[in-house]
Amino acid sequence: MNPNGPWVAWFSELSAGDVDLAGGKGANLGELTQAGFPVPPGFVVTSAAYQRALADAGLDTELARLAAEVDPSDAAGLAAASADLRARVRAVPMPDEVRRAVLDAYHRLGDGEPVPVAVRSSATAEDTAGTSFAGMNQSFTDVRGDDDLIERIRDCWASLYGERVIAYRASQERSRSNGRAPEPALAVVVQRMVCSERSGVMFSADPSTGDTSRVVIEAAFGLGEVVVGGQVVPDMYVLSKNGRPDGPRLLDARVGVQSHQIVRGPDGDDIRVELSEEEGSRRVLTDEEATQLARLAVQVERHYGKPQDMEWAVEDGRTYLVQSRPITAMGGRRGAADAGGAGTADGGGGAAVAVPGQGGETAGGPGAGGAAARTGRGDAGAPLLTGLAGSPGVATGRVRILRSPDEHDRFQDGEVLVAPMTSPDWVPVMRRAAAIVTDSGGMTCHAAIVAREMGVPCVVGARSATTAVTDGQVVTVDGTHGTVHAGEQAAATAAPATATPVTAPAAAQAGAPARPAAETTGTRLYVNLAVAERAEEVAALPVDGVGLLRAEFMMVDALHGRHPRHLLATGGRAEFVERMSASLLRVARAFAPRPVIYRATDFRTNEFRGLRGGEVFEPVEANPMIGYRGCYRYVRDPEVFALELEVLARVRESSPNLHLMIPFVRTRWELAACLEVVDRSPLGDHRRELHRWVMAEVPSVVYWIPDYARLGIDGVSIGSNDLTQLMLGVDRDSETCSDLFDESDPAVLDAIARIITACREAGITSSLCGQAPSTHPEFAELLVRLGITSISVNPDAVDTVRRTVAAAERRLLLQTALQSLGRAAAR
C-alpha cells in the first residue's frame, strides 16, 4: 500500500483479488495495470475511506437505522427517504487525512496540475452469505480541481443510498434470521481522462460465430459510445490470430458509415460533431494499427485465459485499454482446429469475412461505400443487402419495417424485423421475429447481442435496409454471412451449410415431408433445450423428454438481459416469478407427459458479470470455471435459488412433469445442505412425485454416488464437458490447450464407466448431456454398451443419435444371442 495508508490505492497496487478494497472496477483496472497493459493511470479511493468518513460523522449506524425504517413498497416514501439519506452523505465532511491522501494522489496523477479525471463508483460487498447491494454506480467525466473532485467522490458515496439499494437491503433483512444485512461499502475510481480521437471495441474471438481463431475489431471516430450504442455503422476489421509468423494477419477491413462523432467539448461536456460523407467514409484504422490492436487482444486473452470483450481508445497516437471483460454471448464455438486455415474465405467461421486482395479491404472498398453499402437487384445470386454478420443462421420470412417499437401491433409472429436500430424496448418484438435486419450498428450493438442470445439470425449495419426492401416482401436473411436475399430460394445460395431455424412445429408446416417413424430404443433419448420459444418445435421431435433445460439461458431471455439479483434489488421479485413461470410452463406443457429436467442456474461469475447490474453482484475470480458456482452457490447465497424453487413449485401445480437437477456438486455436505433448502421450500411439498437429479461434472462424484443415492437423489446426469476438463486439468475453452481436450480420453471414459456402474449398483438412473453424443455418434454407441439409462443431445442430432443408439442395441442383442448359442454348443 502507498504512503497514504488505507485510504488510497494506485492501480499498480491492486489486482483482481482486491474487490473488497477497490470494488469490481478498481480491482479489474489494477489487474490490467499490474499485467503491464496500457491502462490510463489512476487510483482508487478505497472502501475504507468511505467507512471512515461515515464513522467520523456518526452516520454509520444512523444511516442504517433510517434506511431500515423505510417501506420499499411505498414508492413516494422510498423516494423521499432516499433523497434525505443521499443529502446527508453529501454533507459528510471528508476526514482530513482522507482528503490529504486523495488530493496528494490527484496532484501526483497530474504532476501538480488539475488534470481532468473520470470519477466512477466501484461497488464492493462484504464476504458474507447472501449479502450484496445494488448501487447507483454513478460516474462523472472531466472532473477538474480539488474541490470538484472531493464533491464528486461524495456524490459516488451518496449513490449507495439510492432507492434501489434501500429496497434491496430491505429484502435482505426480511430473509435473514437476525433481521440485519451488513452495511454496503463503496470504493471510487479516479482515472485520467482519455479524450479519444478514435475508439471502439474488440473481441479476441468472433462473437457471432464463436470462432476463437479470429480477432474482431470495431472502430469509430471520437468517443466509443457511438459504437456500443449502435449510433453509427463502425469500421470492422477481422484478423487471424496466427496468420503470420509474427502474429495476427488482417483478413478483412470493412469501412463503415459514420454520420457524426462524439468528442469532448471545450467546457468538458460531450458534443456531437457532424461528419461529411467523405469524412464519415474514411477508414478509422490502418492495416498496421488494426494488427497492433489484435496483438493486444491476444495478449489480454492469454492473461485472463478466456476470450475477452475489450474497449480501447487512441489519444495523441497512443492506444489505451479502457476495459476488459469475458465475452458473454457468442454464436456456435469454433476454434483454430476447424477453422479451415488462416486466410481462407469460406472455412474460418469469421463474421462475413472476405479475404482482401492486397490492401485488406473488401471488394468495392471505401470508394464504393464499403461492403456494408452494397445493394442490388441484378443477377439472381446477388444479395439485396449486405451488412455485418450479427447472429448466425438462416431464416426466410415476410418483411415488416418498423421505425419504433410502438408499432409492435403491426408485427406478425415469424416476420423479418427490419428497423433503423434496436434498443431494449424492442425486445418483445425481437422475440417474435424469424430474423432481424438493421440499418445501423455493429457486432456489439443491442440488436446483435440480443439476437445471438435468442438464436435469431441477424444482419446489422446494412445501411439502407429500411428503404431497400418493402413490407410484405419475402426475403432470406443469412446471419452467418451478413446478407439478405430476395425470395425463399436464396437460402440455398446464401448458406447451404447452415440449418434454417423453424418457426413452427415441424408437423404443422404446410407441405413438410412426413418424418419417418422413429425407432424404439431401450435407451431413452432426451433433448437439450435452452429457450422456451423453441419448446413446441423441439417437442415435435421423436424424443423422450428434456434431459437438460438450461436455467441460465432461459433466465437471461426471460429477464431481458438483467442479472436476476439486480431485478430483485429493484423490486422485481414478482416479475421474476411471473416471467420464469411462464417460460417454464410453456416448456413443460409442450413436452407433457414426458419429463423435463430443469438444471438450476449454474452461474459462473465471468459469464454473468456482463448482464445488466451483474458487476455489482459477481466477484472477480481468477478461475471462475472451478469457482463460485453450482450447488455451493445455492448454499451460501440461496436468494435466487429459493425463487427458482418457488417457480418450479408453481409450474408443477399444473404440469407435474417438471423436475430438478442440481449442477456442479463437489461434496456430500453441500448437497445435503442444498437438499434441505429444497425441502423447506414450496417445492418440498412435491417431494413424493419430484425427481431430484445431480450433474456429474466433478470427478469426486465417482466416490460419492452411493451417498448421494442415500440422500434421495433419483438420477445422475454426466456433464462430459466439465468432467473432461477436470479429469484432464485442461480449460475446455482454451485455444492453446485445445489439442488436450478429448472427451474420448481413456481416463475420461473410465470415469464415465465408473459413474454408470455406480448408478446401476445404487439403483438410480444415469444419463449424459454433454456435447460428445451430438457430434460423435460413436460416443453414443459406447454409452449404450456401458449400460447408460438415457442420453440427452442437441435437437439437430436427434435423428442421427437415435439411429446410432438403435443400431448399437441391435448389435448388443445379436452379440448376446451369439454368445448364448456358443455356450450352448460347448455344453
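We're numbering straight along the sequence, starting at 1.
Closest approach of Phe11 and Pro40 over heavy atoms only: CE1-O, 3.5 Å. In terms of heavy atoms, Ala219 sits closest to Pro234 at O-CB, 3.4 Å. The shortest non-hydrogen separation linking Pro619 to Thr605 is O-CB, 3.4 Å. Annotation for Pro564 and Phe576: closest pair CB-CE1, 3.7 Å, computed over non-hydrogen atoms. When every heavy atom of Val102 is checked against every heavy atom of Leu149, the shortest pair comes out as CG1-CD2, 3.9 Å. Of all heavy-atom pairs between Asp309 and Phe203, the closest is CG-CE2, 3.7 Å.
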Discussion item. Run Glu97 and Arg100 through salt bridge (charged side-chain N to carboxylate O under 4.0 Å, His left out) and show every step you take.
Written reply: CA-CA 5 Å; Glu97 58 184 305; Arg100 283 196 300 270; 5.8 Å; no

Item to complete: I would like to know whether Leu293 and Val215 meet side chain to side chain contact (heavy atoms under 4.5 Å, CB included); could you show each step before the answer?
Response: CA-CA 9 Å; Leu293 276 171; Val215 173; over 6 Å; no

Discussion item. Could you walk me through whether Arg154 and Val89 satisfy the side chain to side chain contact (heavy atoms under 4.5 Å, CB included) test, starting with their C-alpha distance in whole Å, then the side-chain angles of each, then the deciding distance to 0.1 Å, before giving a yes or no?
Written reply: CA-CA 7 Å; Arg154 271 202 289 256; Val89 176; 5.9 Å; no

Discussion item. Please determine whether side chain to side chain contact (heavy atoms under 4.5 Å, CB included) holds for the pair Val44 and Glu13, giving the CA-CA distance in whole Å, both sets of side-chain angles, and the decisive distance to 0.1 Å.
Written reply: CA-CA 10 Å; Val44 175; Glu13 301 168 324; over 6 Å; no

Item to complete: Decide yes or no on side chain to side chain donor-acceptor pair (under 3.5 Å) for Asp722 and Gln725, but give the supporting numbers first.
Response: CA-CA 5 Å; Asp722 273 352; Gln725 74 171 348; 2.9 Å; yes

Practice prompt. For side chain to side chain contact (heavy atoms under 4.5 Å, CB included), just list the numbers for Arg108 and Trp10, CA-CA rounded to whole Å, side-chain angles, deciding distance to a tenth of an Å, and then say yes or no.
Written response: CA-CA 11 Å; Arg108 288 172 57 192; Trp10 291 90; 3.4 Å; yes

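Counting heavy atoms from C-beta on, the side chains of Cys674 and Phe641 come closer than 4.5 Å. Contact of the His303 side chain with the Phe37 side chain is registered, since non-hydrogen atoms from C-beta on lie closer than 4.5 Å. Under the 4.5 Å side-chain criterion, counting only non-hydrogen atoms from C-beta, Leu675 is in contact with Ile662. At a threshold of 4.5 Å between non-hydrogen side-chain atoms, the residues Met555 and Val640 count as touching. Between Val45 and Val119, every side-chain heavy-atom pair lies at or beyond the 4.5 Å cut-off. Between Val616 and His563 the shortest side-chain heavy-atom distance does not fall below 4.5 Å. Between Leu643 and Leu568 there is a side-chain heavy-atom pair separated by less than 4.5 Å. Looking at heavy atoms from C-beta onward, Leu645 lies in side-chain contact with Val678 at the 4.5 angstrom threshold.
Atom OG of residue Ser121 and atom CG of residue Leu186 lie 5.0 Å apart, to the nearest 0.5 angstrom. Rounding to the nearest 0.5 angstrom, the gap separating the CG atom in Leu14 from the OG1 atom in Thr33 is 8.5 Å. Rounding to the nearest 0.5 angstrom, the gap separating the CG atom in Asp147 from the CZ atom in Arg152 is 10.5 Å. Residue Tyr304 holds its OH atom at 10.0 Å from CE of Met310, rounded to the nearest 0.5 Å. Arg599 contributes atom CZ, which lies 9.5 Å from atom OG1 of Thr601 (distance to the nearest 0.5 angstrom). Rounding to the nearest 0.5 Å places CG of Asp84 at 4.5 Å from CZ of Arg88.
A salt bridge between Asp637 and Arg629 is absent, with no side-chain N of the basic residue lying under 4.0 Å from a carboxylate O of the acidic one. Between Asp96 and Arg99, no side-chain nitrogen of the basic residue sits less than 4.0 Å from a carboxylate oxygen of the acidic one, so the salt-bridge criterion is not met. Glu621 has no carboxylate O lying under 4.0 Å from a charged side-chain N of Lys306, or vice versa, which leaves the two without a salt bridge.
With sequence neighbours excluded, the residues that form a side chain to side chain donor-acceptor pair (under 3.5 Å) with Tyr320 are Arg192. Residues that satisfy the side-chain contact (heavy atoms from CB on, under 4.5 Å) test with Val314, not counting sequence neighbours, are Glu197, Arg198, Trp312, Thr319. Taking Glu575 as the reference, Arg562, Leu567, Arg579 meet the side-chain contact (heavy atoms from CB on, under 4.5 Å) condition, with sequence neighbours excluded.
Under a 3.5 Å cut-off, the side chain of Glu218 and the backbone N or O of Gly200 do not form any donor-acceptor pair. Counting only distance, with no hydrogens or angles, the side chain of Ser700 and the backbone of Arg666 share a donor-acceptor pair below 3.5 Å. Using modelled atom types, no side-chain atom of Ser204 and backbone atom of Val298 make a donor-acceptor pair closer than 3.5 Å. A donor-acceptor contact shorter than 3.5 Å links the side chain of Asp18 to the backbone of Ser15. In terms of modelled atom types and a separation under 3.5 Å, the side chain of Thr46 and the main chain of Pro6 share a donor-acceptor contact. No donor-acceptor distance shorter than 3.5 angstrom exists from the side chain of Ser681 to the backbone of Ala642, with no hydrogens or angles considered. Remark: the backbone N or O of Arg144 is not paired with any side-chain donor or acceptor of Tyr106 at under 3.5 angstrom. Side chain of Glu301 to backbone of Gln308: no donor-acceptor contact under 3.5 angstrom is found. Of the possible polar contacts, one joining the Ser122 side chain to the Ala22 backbone as a donor-acceptor pair under 3.5 Å is found.
The salt bridge (Lys or Arg N to Asp or Glu O under 4.0 Å) test with Glu615 singles out one residue from Lys25, Arg120, Arg565, and that residue is Lys25. The salt bridge (Lys or Arg N to Asp or Glu O under 4.0 Å) with Arg633 is formed by just one residue from the set Glu670, Glu639, Glu618, Glu644; it is Glu618.
Counted by atom type alone, Thr667 and Trp669 present one or more donor-acceptor pairs between their side chains at under 3.5 Å.
Aromatic ring pairs are classed by plane angle as parallel below 30°, tilted from 30° to 60° and perpendicular above 60°; the pair Tyr50 and Trp157 is perpendicular.
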